[in-house]
Amino acid sequence: MRALVIVHDPGSEAVLVGDRLEHHGFTLDPALITTESGNPVGSAAGLGEPSEYDLIVPMGSNYSVYDTDTIGSWIGDELDFLRRADAADVPVLGICFGSQALAAALGGRVVR
């Protein structure tokens with residue numbers, strides 16, 4: 001079983017959740033999205049298809065999904081990726097910022 005772990009910035013890795021997932025047989029595929037300064041190093045556009053994974057875990061961040069002036073435009077690709085994961089019936093466990101992204105992707109509002 002494969003779990004994609006979307007790491008939004010260094011320091012927000014899966015750690016304890018990752019340990020439990022590995023304990024239950026998952027192989028973790030981490031994907032780093034930004035550097036410590038918030039500059040994109042990747043984007044969800046390069047993550048492939050959600051159906052390649054058995055689970056997707058978008059992790060936390062120092063930012064908020066609604067703060068696009070600070071985080072930039074990379075979040076749009078991730079929201080699209082999460083919508084496609086939902087459409088493909090791939091389970092998503094959003095943690096902190098990841099839950100904000102999941103809510104926004106599925107039509108919810110994230111406000112201050």
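Each residue takes its place number in the sequence, starting with 1.
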Side chain to side chain contact (heavy atoms under 4.5 Å, CB included) between Val92 and Asp86, worked out: CA-CA 8 Å; Val92 178; Asp86 180 63; over 6 Å; no

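- Between Val5 and Ala14, the shortest heavy-atom distance links the atoms CG1-CB, 3.8 Å.
- Two different hydrophobic clusters hold Val110 and Met59 under the rule that ILVMFWY side chains link at heavy-atom gaps under 4.5 Å.
- Linking Ile, Leu, Val, Met, Phe, Trp and Tyr residues whenever their side-chain heavy atoms come within less than 4.5 Å leaves Ile6 and Val15 in two separate clusters.
- Separating the OH atom in Tyr53 from the CG atom in Leu47 is a distance of 6.0 Å, to the nearest 0.5 Å.
- Residues Val90 and Leu4 have side chains not in contact (no heavy-atom distance under 4.5 Å, counting atoms from C-beta outward).
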Side chain to side chain contact (heavy atoms under 4.5 Å, CB included) assessment of Tyr63 paired with Ile75: CA-CA 11 Å; Tyr63 307 108; Ile75 190 64; over 6 Å; no

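- Smallest separation of non-hydrogen atoms from Cys96 and Gly60: CB-CA, 3.9 Å.
- Nearest heavy atoms, Ala101 versus Leu79: O-CD2, 3.2 Å.
- The main-chain N or O of Gly11 is found under 3.5 Å from a side-chain atom of Glu13 such that the two form a donor-acceptor pair.
- No single ILVMFWY cluster, assembled from side-chain heavy atoms under 4.5 Å apart, contains both Leu106 and Tyr66.
- From Ile71, atom CD1 reaches atom CG of Asp9 across 10.5 Å, with rounding to the nearest 0.5 Å.
- Both Met1 and Val57 sit in one connected hydrophobic cluster of ILVMFWY residues. Membership requires side-chain heavy atoms under 4.5 Å apart, directly or through other members.
- For the atom pair CD of Glu78 and CD1 of Ile33, the computed distance is 6.0 Å after rounding to the nearest 0.5 Å.
- Relative ring orientation between Phe97 and Trp74 is described as tilted, the plane-to-plane angle lying within the 30° to 60° band.
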Could you pull out every donor-acceptor pair under 3.5 Å between side chains of residues 20-29 and any protein atom, sequence neighbours left out?
{"from": "Asp29", "atom 1": "OD2", "to": "Arg2", "atom 2": "NE", "distance (Å)": "2.7"}
{"from": "Asp29", "atom 1": "OD2", "to": "Arg2", "atom 2": "NH2", "distance (Å)": "2.6"}

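- Nearest heavy-atom pair, Arg84 versus Pro50, reported as atom, atom and distance to 0.1 Å: NH1-CD, 3.6 Å.
- Between atom OG of residue Ser12 and atom CG of residue Leu32 there is a gap of 8.0 Å, rounded to the nearest 0.5 Å.
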From CA spacing to verdict: side chain to side chain contact (heavy atoms under 4.5 Å, CB included), Ser64, Arg112: CA-CA 8 Å; Ser64 270; Arg112 184 172 187 195; over 6 Å; no

